[in-house]
Every structure is written in structure tokens, then in C-alpha cells.
Undergrad: 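Structure below; questions to follow.
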Amino acid sequence: MKLRKLLFASTLLFVIYGALHAQNTQVIAHRGFWKTDGSAQNSIAALVKADSIHCYGSEFDVWLTADNKLVVDHDGVRNGVRLEASTGKEYTANILDNGENLSTLQQYLDKGKQLKTRLILELKSHKTPERETSAVEQIVKLIKDMGLEERTEYISFSRHACGEFIRLAPKGTPVYYLDGNLTPQELKEMGLAGPDYHHSVFKKHPEWIKQCHELGMKVNVWTVNSQEDMEWLIGQNVDFITTDEPVLLQNILRD
Ligand code: MG
């Protein structure tokens with residue numbers, strides 16, 4: 001009888017633990033919630049729509065133009081014109097798929113400030129480390145001036161940019177590294193909050209998820225758009241999933 005009670009209690013604990021963990025995975029909209037009417041990747045509308053469906057965070061991409069203006073865009077090239085060789089004025093004349101002008105970071109954050117969703121700011125890799133340092137200095141100052149320090153997290157493929165965010169942002173600001181080539185131990189030693197890796201990296205190294213958690217780090221995964229991958233990662237207890245399909249992910253998490 002005692003054994004049965006013990007078995008029952010431990011099963012119950014296991015179920016509760018599993019349920020709690022399953023709910024822990026948070027949704028980050030990749031380039032905002034753009035796969036919906038009136039939206040476009042990295043548009044202000046996509047940020048507003050990510051907030052309207054209560055995403056934990058909304059991811060967006062930031063570059064520095066030739067005249068040192070911070071703008072929001074992914075590729076950094078439009079109509080054959082490179083962002084790093086353009087002025088802010090020239091580059092923000094580009095029109096996004098939903099009819100919005102491409103925005104400056106200031107315009108983007110002005111709207112973000114009115115919302116609740118967390119701002120997952122990706123700094124793209126620039127031509128030189130000096131350009132990245134200059135971008136990080138400006139971003140950290142702007143985020144501070146706007147009172148958004150508590151709501152902003154930084155991500156980058158550039159190790160240099162990640163190091164600069166760690167050096168210049170307030171202590172404890174989450175900074176995640178995007179390229180899948182550092183082990184959990186190496187991420188920890190750099191002072192990162194954790195990996196934000198492509199899902200194929202965790203398929204190859206599923207043990208890294210647990211190792212990151214044991215080292216006190218969190219795990220983000222991009223860009224996860226299939227139900228099968230989402231379910232696998234939720235089962236692995238990842239902390240964040242970055243997706244172009246936030247509604248699908250929310251529905252899976254609700255089930
Ligand atoms: Mg990005």
C-alpha cells in the first residue's frame with residue numbers, strides 16, 4: 001500500500017513537473033507577426049500585431065547606415081543598393097510590402113514603447129568590428145534614453161557585437177548568440193544569456209539544451225515553423241521558440 005501511494009505521488013509529481021515545463025516555452029515572433037493582413041517583415045505593423053496576440057517578444061533586425069543612422073531591415077540591400085553604403089534618409093525611402101516606409105530604429109521603438117511585448121533586437125553583422133561597436137554604443141544609449149532597458153534583449157551572429165552588448169548594456173541584460181558554433185561552456189564563459197541557435201543545431205546536439213540549463217542559461221531556437229519541430233523542442237523544454245508562425249505555436253502550447 002505504501003509503495004502504491006509512493007508510486008502515485010511520484011507519478012503525480014512527474015505529470016505536474018511536465019505540465020509546468022511544457023508551459024514554460026515562450027513565443028517570439030520572427031521579424032514581428034508578419035504573416036497576416038496589413039503586415040510585412042520588420043514593419044511597425046508586425047511589431048504591433050505580435051503584441052496584439054501577446055507574444056513574449058518580437059524580433060527585428062537592425063543595421064547602421066553609412067551616416068550612422070540605425071534602421072530596421074533584414075537583408076541590408078534593397079533594389080541593389082546596400083544599406084551600409086546608403087544614408088539613413090535614402091534607405092528609409094524604401095517601401096515595405098504593406099506600404100509602410102522602412103523605419104528608423106527610433107520610429108520603431110517609439111511604437112514599441114507603447115506596447116508590452118519584449119523587444120528582441122538583432123544587430124546584423126557589419127563590415128568591420130568598429131562599425132558594430134559604433135552601432136552597439138548608439139543602440140544601448142537609445143534604449144536607455146527611451147527607458148526600454150528592462151524590455152530589451154540583444155541577439156547577434158557576430159561574437160564581437162555580442163561581446164560589446166555585454167560590455168555596454170546594463171549588467172544582466174540578456175544577450176544571445178545566434179551562430180551555432182559555440183558549446184554551452186563557451187557561451188557561459190563569454191557571459192551570454194545562452195544560445196539562440198537554428199533548430200538543426202539542437203537536433204545534432206540535443207544534450208546542449210540540458211547543459212545550458214545546468215549552467216544557468218536559457219535556450220532560444222530559430223526559426224521554427226513546423227508543428228513537428230515545435231513539439232519536439234517544447235518536449236526538450238527550450239525556453240523560447242522564434243517563429244514565423246506564432247499563432248500555430250500558441251495553439252500547440254495551449255493544447
Ligand atoms: Mg533576425
Side-chain angles (χ1 to χ4, degrees), residues 11-61 74-75 96-98 115-122 153 155-157 174 176-184 187 193-214 217-255:
T11 307
L12 195 67
L13 272 177
F14 186 75
V15 169
I16 291 169
Y17 178 84
L20 284 175
H21 266 260
Q23 287 166 356
N24 274 349
T25 305
Q26 304 273 6
V27 181
I28 296 174
H30 181 238
R31 303 180 198 168
F33 181 23
W34 59 271
K35 279 191 169 184
T36 184
D37 282 350
S39 196
Q41 293 188 7
N42 280 315
S43 64
I44 289 174
L47 172 66
V48 173
K49 286 170 192 287
D51 182 74
S52 74
I53 58 167
H54 311 294
C55 288
Y56 165 87
S58 191
E59 187 262 2
F60 55 100
D61 305 291
H74 182 263
D75 293 347
L96 304 179
D97 289 346
N98 66 342
L115 309 172
K116 285 205 168 69
T117 193
R118 288 179 71 79
L119 302 161
I120 315 298
L121 189 159
E122 177 179 351
E153 305 185 13
I155 60 176
S156 187
F157 278 93
Y176 294 86
Y177 177 62
L178 291 164
D179 214 344
N181 56 359
L182 293 180
T183 64
L187 294 167
D196 182 354
Y197 286 172
H198 188 258
H199 53 88
S200 63
V201 177
F202 293 116
K203 287 270 168 68
K204 214 187 278 175
H205 293 288
E207 76 281 5
W208 281 5
I209 297 167
K210 193 162 168 264
Q211 287 172 15
C212 284
H213 288 155
E214 284 168 357
M217 295 189 292
K218 292 197 169 173
V219 176
N220 192 347
V221 193
W222 60 271
T223 299
V224 186
N225 294 333
S226 83
Q227 177 157 355
E228 191 188 344
D229 288 335
M230 288 172 182
E231 283 171 352
W232 184 75
L233 288 161
I234 293 164
Q236 297 291 311
N237 298 327
V238 301
D239 301 276
F240 313 101
I241 291 177
T242 302
T243 178
D244 293 317
E245 304 284 355
V247 176
L248 171 65
L249 178 55
Q250 286 175 336
N251 287 339
I252 293 170
L253 286 165
R254 227 171 265 139
D255 283 345

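As the structure is a prediction and not an experimental result, all values here were calculated from the model. Residue numbers start at 1 and run along the sequence shown.
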Undergrad: Within the 4.5 Å heavy-atom criterion, are Ile241 and Ile234 side-chain neighbours or not?
TA: yes

Undergrad: Does atom NE2 (His54) have a neighbourhood of more than 12 heavy atoms from anything else shown, all under 6.0 Å?
TA: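 At most 12 heavy atoms, drawn from other residues, nucleotides or ligands, come within 6.0 Å of this atom.
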
Undergrad: Does any part of the side chain of Thr25, heavy atoms only, come nearer than 4.5 Å to the side chain of Leu233, both counted from C-beta?
TA: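 No; the side chains remain at least 4.5 Å from each other.
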
Undergrad: Sequence neighbours excluded, which residues qualify as salt bridge (charged side-chain N to carboxylate O under 4.0 Å, His left out) partners of Asp51?
TA: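 Asp51 satisfies salt bridge (charged side-chain N to carboxylate O under 4.0 Å, His left out) with no other residue.
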
Undergrad: For the pair Thr117 (side chain) and Cys55 (backbone), establish whether a donor and an acceptor sit closer than 3.5 Å, ignoring hydrogens and angles.
TA: yes

Undergrad: Looking at Glu153 and Ala193, would you say the former's side chain and the latter's main chain have a donor-acceptor pair under 3.5 Å?
TA: no

Undergrad: Say whether Ser39 and Asn98, considering side chains only, have a donor N or O and an acceptor N or O under 3.5 Å apart.
TA: no

Undergrad: Kindly write out the residues that satisfy side-chain hydrogen bond (donor to acceptor under 3.5 Å, both in side chains) with Gln227, not counting sequence neighbours, or none if the list is empty.
TA: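 Partners of Gln227 by the side-chain hydrogen bond (donor to acceptor under 3.5 Å, both in side chains) criterion, ordered by chain and then number, come out as Glu231.
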
Undergrad: To the nearest 0.5 Å, how far apart are CG in Asp244 and NZ in Lys35?
TA: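 Output value for this atom pair is 5.5 Å.
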
Undergrad: On a heavy-atom basis, which atom in Val221 and which in His198 lie closest, and how many Å separate them?
TA: CG1-C, 4.2 Å

Undergrad: Under 3.5 Å, is there a donor-acceptor pair linking the side chains of His74 and Asp61?
TA: no

Undergrad: Among all residues two or more places apart in sequence or in another chain, which pass the salt bridge (charged side-chain N to carboxylate O under 4.0 Å, His left out) test with Glu214?
TA: Lys210

Undergrad: Can you see which heavy atom on Leu47 is nearest to which on Ser58, and at what distance?
TA: CD1-CB, 3.7 Å

Undergrad: Ignoring hydrogens and geometry, is there a side-chain-to-backbone donor-acceptor pair from Lys49 to Asp37 under 3.5 Å?
TA: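 Present.
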
Undergrad: Give the C-alpha distance, both sets of side-chain angles, the deciding distance and a yes or no for side chain to side chain contact (heavy atoms under 4.5 Å, CB included) between Ile120 and Phe240.
TA: CA-CA 11 Å; Ile120 315 298; Phe240 313 101; over 6 Å; no

Undergrad: Between Glu245 and Ser226, is a side chain to side chain contact (heavy atoms under 4.5 Å, CB included) present by the stated rule, with each step listed?
TA: CA-CA 8 Å; Glu245 304 284 355; Ser226 83; over 6 Å; no

Undergrad: Output yes when a side-chain donor or acceptor of Trp34 lies under 3.5 Å from a complementary backbone atom of His30, and no otherwise.
TA: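 At least one qualifying donor-acceptor pair exists.
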
Undergrad: List the atom of Tyr197, the atom of Asp179, and the distance in Å for their closest heavy-atom pair.
TA: CE2-O, 2.7 Å

Undergrad: Using modelled atom types and a 3.5 Å cut-off, is there a donor and acceptor pairing between side-chain atoms of Glu122 and backbone atoms of Phe60?
TA: no

Undergrad: Passes side chain to side chain contact (heavy atoms under 4.5 Å, CB included), Asn24 versus Asn237? Steps please.
TA: CA-CA 7 Å; Asn24 274 349; Asn237 298 327; over 6 Å; no

Undergrad: At their closest point, which heavy atom of Leu178 faces which heavy atom of Trp222, and how far apart are they?
TA: O-NE1, 3.6 Å

Undergrad: Say whether, by atom type as modelled, one donor and one acceptor occur between the side chain of Asp229 and the main chain of Val224 under 3.5 angstrom.
TA: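 Absent.
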
Undergrad: Can you tell if the side chain of Leu253 reaches within under 4.5 Å of the side chain of Val27, non-hydrogen atoms only?
TA: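 With C-beta onward as the side chain, the pair touches.
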
Undergrad: Any side-chain donor-acceptor pair under 3.5 Å between Asn220 and Thr242?
TA: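 A pair is found: one side chain offers a donor N or O, the other an acceptor, under 3.5 Å apart.
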
Undergrad: What do you reckon, is NZ of Lys218 surrounded by more than 12 foreign heavy atoms closer than 6.0 Å?
TA: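 Result for NZ/Lys218: open.
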
Undergrad: What distance do Leu121 atom CG and Glu59 atom CD have between them, rounded to the nearest 0.5 Å?
TA: 9.0 Å

Undergrad: Quick one: does Arg118's side chain get under 4.5 Å of Ile28's, heavy atoms only?
TA: no

Undergrad: Please round to the nearest 0.5 Å and tell me the distance separating atom CE of Met217 and atom CG of Leu187.
TA: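 Met217 CE to Leu187 CG: 5.0 Å, rounded to 0.5 Å.
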
Undergrad: Looking at every non-hydrogen atom in both residues, tell me the closest pair between Leu96 and Gln41 and how far apart they are.
TA: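 Shortest heavy-atom contact: CD1-O, 4.3 Å.
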
Undergrad: Please evaluate residues Phe202 and Val219 with respect to the criterion side chain to side chain contact (heavy atoms under 4.5 Å, CB included), reporting the C-alpha separation (whole Å), side-chain torsions for both, the decisive distance (0.1 Å), and the verdict.
TA: CA-CA 10 Å; Phe202 293 116; Val219 176; 3.6 Å; yes

